[in-house]
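Chain A is the first sequence line, chain B the second, and so forth, proteins listed ahead of strands; every chain is numbered from 1.
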There are 4 protein chains.
Amino acid sequence: MTEKQEKILKAALNLFAQNGYASTSTSKVAKEAGVSEGLIFRHFENKEGLLKAIMNMAMESSKQLITEVMLAGEPKKVIRKMLELPYQVDRSHYDMWRLTYALKWQMNMYDSSANDALRLILKDAFQQLGYEDPEAEAELVFMFLDGASTAFLLHEPKNKADVLKCIKKKYNV
Amino acid sequence: MTEKQEKILKAALNLFAQNGYASTSTSKVAKEAGVSEGLIFRHFENKEGLLKAIMNMAMESSKQLITEVMLAGEPKKVIRKMLELPYQVDRSHYDMWRLTYALKWQMNMYDSSANDALRLILKDAFQQLGYEDPEAEAELVFMFLDGASTAFLLHEPKNKADVLKCIKKKYNV
Amino acid sequence: MTEKQEKILKAALNLFAQNGYASTSTSKVAKEAGVSEGLIFRHFENKEGLLKAIMNMAMESSKQLITEVMLAGEPKKVIRKMLELPYQVDRSHYDMWRLTYALKWQMNMYDSSANDALRLILKDAFQQLGYEDPEAEAELVFMFLDGASTAFLLHEPKNKADVLKCIKKKYNV
Amino acid sequence: MTEKQEKILKAALNLFAQNGYASTSTSKVAKEAGVSEGLIFRHFENKEGLLKAIMNMAMESSKQLITEVMLAGEPKKVIRKMLELPYQVDRSHYDMWRLTYALKWQMNMYDSSANDALRLILKDAFQQLGYEDPEAEAELVFMFLDGASTAFLLHEPKNKADVLKCIKKKYNV
DNA sequence: CATGAATGAGGTTTCATTCAT
DNA sequence: CATGAATGAAACCTCATTCAT
């Protein structure tokens, strides 16, 4: 990965996240990256290739978070780690997450399978703890995760920490 | 509001919701509405005006849901009504909600003030019920609402009803 | 000529003179006139018909100025009246003259024949006064008229009166 | 300045001069230049940018004529050079001058400051020669220049040369 | 590897004009 | 007589992409 390639990726990530993929022209990306427009196509084939490259980076970085949960072992720890996920994302990754979340609403981009592994683990954890409807509980946690992430990415509530405390107590973790 | 105006609005809502605002050309809207492209501009001034007209409709229809919660009175009822909100939206309004949610991610479109009134009522309800940190509880509910709506609009989980039961139990409502 | 027709003509004259014929849309004319756009076409057939109606008014009003010169009789008086022409136009007619002058530069609009009668009288006057090259003198006066009118319509020099005195002295009139 | 840029400029100058700026579409310019329409915008940003580029060329070429007058020195020579100005313009520059003159009538395009330097020199010349009202004399010459140029550009009178002789005699130059 | 000129398709918008009411 | 909804063509401009250098 050359230096210019990275510049392009960074610029594209930033612009896609702030203004949306469709609203960001390759020429704006080139200008922001300080690079000729043609270079984008040499390295990434086309605009969609650029997006895919970015999403691959995102996948990579989200895998790290996920494996941490997977390796937790005990059910309570699984749940706790899970609830803490939105709090683990570094501010420097916000653009990436903004883009990921925004793209969910762009048709044909939603891929639920990514979460299926986690959902299974979570359900299992609840089952081990004797919850009545482990599947529903797992789904509920996912909804929280989604809602929390959205809140953090969009308007950053002041009482983030309190909310975590609050929900942890509910699950006793 | 002439008949053709409504056709335009309906077509635009549909296309914006399915493919995104930026990716939907006015010519596609015109074609879908069975109308000349120029007519869009006569009635809505420009593409953004068309979007605004749609969002006004959305506001109107969300006000109805909200006032229902506001009129609930008793704290428990407030919370219950609140949690049920995502379940109240008619399938016929999904396009509108998809668009509303998608637009949150389009820069400068997020308006948190819309929820402030509800947030206040909710916090008050939790306070009356003696919750330790009513503000965090309110925030948490909002996160659930957001996450649930997202799930419903994007992949419609099979166990919607169970999830509701599950969370209601947590709040004892 | 109904009241609305006059409103249209006045609005069109004003806008054509200020912004140019090509740059003025019929919708702007209608708005300025406080009239529906369709009415313009009912009364004037098309945009060019509107222009023609205006130019006819202009012709009419310029004929008045010209006949005054023609009736002057004595050569010196002819020349004096001629030189005074640009000073005779009422400020309320400036729009019309601006438009007339501007249109000269719009291809196929220049009609030199309009001036031929005047040119002949002028040449005759110079001949009677024994000028060496009456034709060139007549042409020269026309150039002055054109230049002076242009100056008055475009930037209104402060020493208009002095210039008239100055040139009158040259012709001893 | 690439070859195609020049082609665009030449085509635009020609069409703007013949048919007017507002009446000339960028697509006509592109066709006349044998170039894709997009290229116009890549090189000149927008239609107005194209016009500005042309006017800059015009400025450049008019500066040359003007400096010649400025370097004349003796008052009589200044005046003579001045009067001869409209006769100096090469036929190949007519389009440019037609456009320049036509644009004066397009609102907000008139820039009298360009002539101020010349006006000053001219006034000075008349002063040195003891004319009674040098300012009015200067203005008068400008009017002649404007009228003569207009005549040359619009209908090319047959007795151009005679007119020059005629006016030179009046100023004894 | 890198540039930037060049393109053609398509985007939003404006316009002159028609027509039902 | 008068309106204003409706249209289709054309206006200006942007875009993703290609290619010669």
Side-chain angles (χ1 to χ4, degrees), chain A residues 2-5 7-8 21-31 33-51, chain B residues 1-5 7-8 22-30 33-50, chain C residues 2-5 7-8 21-31 33-51, chain D residues 1-5 7-8 22-30 33-50:
Chain A
T2 77
E3 183 206 2
K4 298 218 172 184
Q5 268 182 74
K7 271 192 195 163
I8 293 173
Y21 171 69
S23 305
T24 303
S25 67
T26 49
S27 95
K28 277 186 218 148
V29 173
K31 209 165 291 172
V35 142
S36 77
E37 206 175 347
L39 196 56
I40 294 177
F41 294 88
R42 162 166 281 280
H43 285 314
F44 303 97
E45 180 131 39
N46 51 29
K47 196 184 171 188
E48 208 189 332
L50 182 53
L51 180 60
Chain B
M1 176 94 77
T2 76
E3 181 206 0
K4 300 221 171 185
Q5 261 181 84
K7 271 192 194 163
I8 293 172
S23 305
T24 302
S25 69
T26 50
S27 95
K28 278 186 218 150
V29 173
V35 140
S36 78
E37 203 175 350
L39 195 58
I40 295 177
F41 295 89
R42 162 173 263 284
H43 284 313
F44 302 99
E45 187 138 37
N46 50 28
K47 198 186 171 188
E48 205 190 333
L50 180 54
Chain C
T2 77
E3 181 204 3
K4 298 218 171 186
Q5 268 182 75
K7 271 191 193 163
I8 293 173
Y21 171 69
S23 304
T24 302
S25 66
T26 49
S27 97
K28 276 187 218 147
V29 173
K31 209 165 290 170
V35 141
S36 78
E37 205 175 346
L39 196 57
I40 294 177
F41 293 87
R42 163 166 279 280
H43 284 315
F44 302 98
E45 180 132 40
N46 52 27
K47 197 185 169 188
E48 208 190 331
L50 182 52
L51 180 60
Chain D
M1 175 92 80
T2 76
E3 180 206 3
K4 300 222 172 183
Q5 265 183 79
K7 271 193 195 162
I8 293 172
S23 304
T24 302
S25 70
T26 50
S27 96
K28 275 186 223 150
V29 173
V35 141
S36 78
E37 201 177 351
L39 195 57
I40 294 177
F41 296 91
R42 163 173 261 283
H43 284 312
F44 303 99
E45 185 138 38
N46 49 31
K47 197 185 171 188
E48 205 189 332
L50 180 53

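- Residue Asn46(B) contributes atom CG, which lies 16 Å from atom C1' of dC12(F) at whole-angstrom precision.
- When base pairs are accepted only as Watson-Crick or G-U wobble with both N-N or N-O distances under 3.5 Å, DNA chain E takes part in stems of 3 or more pairs at E:2-21 with F:2-21.
- Residues passing the side chain to side chain donor-acceptor pair (under 3.5 Å) test with Ser23(D): none are found, sequence neighbours excluded.
- Read 5' to 3', the first and last nucleotides of DNA chain E with an atom closer than 4.0 Å to a heavy atom of chain C are dC15(E) to dT18(E).
- Remark: Lys47(C) pairs with no residue by the salt bridge (Lys or Arg N to Asp or Glu O under 4.0 Å) rule, at least two apart or across chains.
- Of the two residues near DNA chain F, Ser23(D) and Tyr21(A), the one whose nearest nucleotide lies more 5' is Ser23(D).
- Within the nucleic acid shown, Ser25(D) comes within 4.0 Å of sugar-phosphate atoms alone, with no base atom in reach, counting heavy atoms only.
- A search for side chain to side chain donor-acceptor pair (under 3.5 Å) contacts involving Thr24(A) returns nothing, not counting sequence neighbours.
- Applying the side chain to side chain donor-acceptor pair (under 3.5 Å) rule to Ser25(A) yields the partners Ser27(A); only residues at least two apart in sequence or on another chain are considered.
- Applying the salt bridge (Lys or Arg N to Asp or Glu O under 4.0 Å) test to Lys4(B) and every residue at least two apart in sequence or in another chain returns nothing.
- Thr26(A) OG1 to Ile8(A) CD1: the interatomic distance, rounded to the nearest 0.5 Å, is 10.5 Å.
- Under the side-chain contact (heavy atoms from CB on, under 4.5 Å) criterion, Ala30(D) pairs with Glu37(D), Ile40(D), not counting sequence neighbours.
- Contact annotation for Thr2(B): backbone-only contact, meaning every heavy-atom pair under 4.0 Å involves sugar-phosphate atoms and none involves a base.
- Remark on DNA chain E: of its neighbouring residues Lys47(C) and Lys47(B), the 5'-side contact belongs to Lys47(B), judged by nearest-heavy-atom nucleotide.
- Thr24(A) comes within contact range of the sugar-phosphate backbone alone, with a heavy-atom separation under 4.0 Å but no base atom that close.
- Proximity of residues 34-42 of chain C to DNA chain E (heavy atom under 4.0 angstrom from any strand atom) is restricted to Glu37(C), Phe41(C).
- For the atom pair CG of Asn46(C) and CG of Leu51(C), the computed distance is 10.0 Å after rounding to the nearest 0.5 Å.
- The nearest whole Å value for the distance from the CD atom in Glu45(D) to the P atom in dC13(F) is 9 Å.
- Toward the 5' end of DNA chain E, the nearer of the two residues Gln5(D) and Thr26(C), judged by each one's closest nucleotide, is Gln5(D).
- Every residue meeting the ring-ring contact (aromatic ring centres under 6.0 Å, His included) condition with Tyr21(C), not counting sequence neighbours, appears here in chain and number order: Phe16(C).
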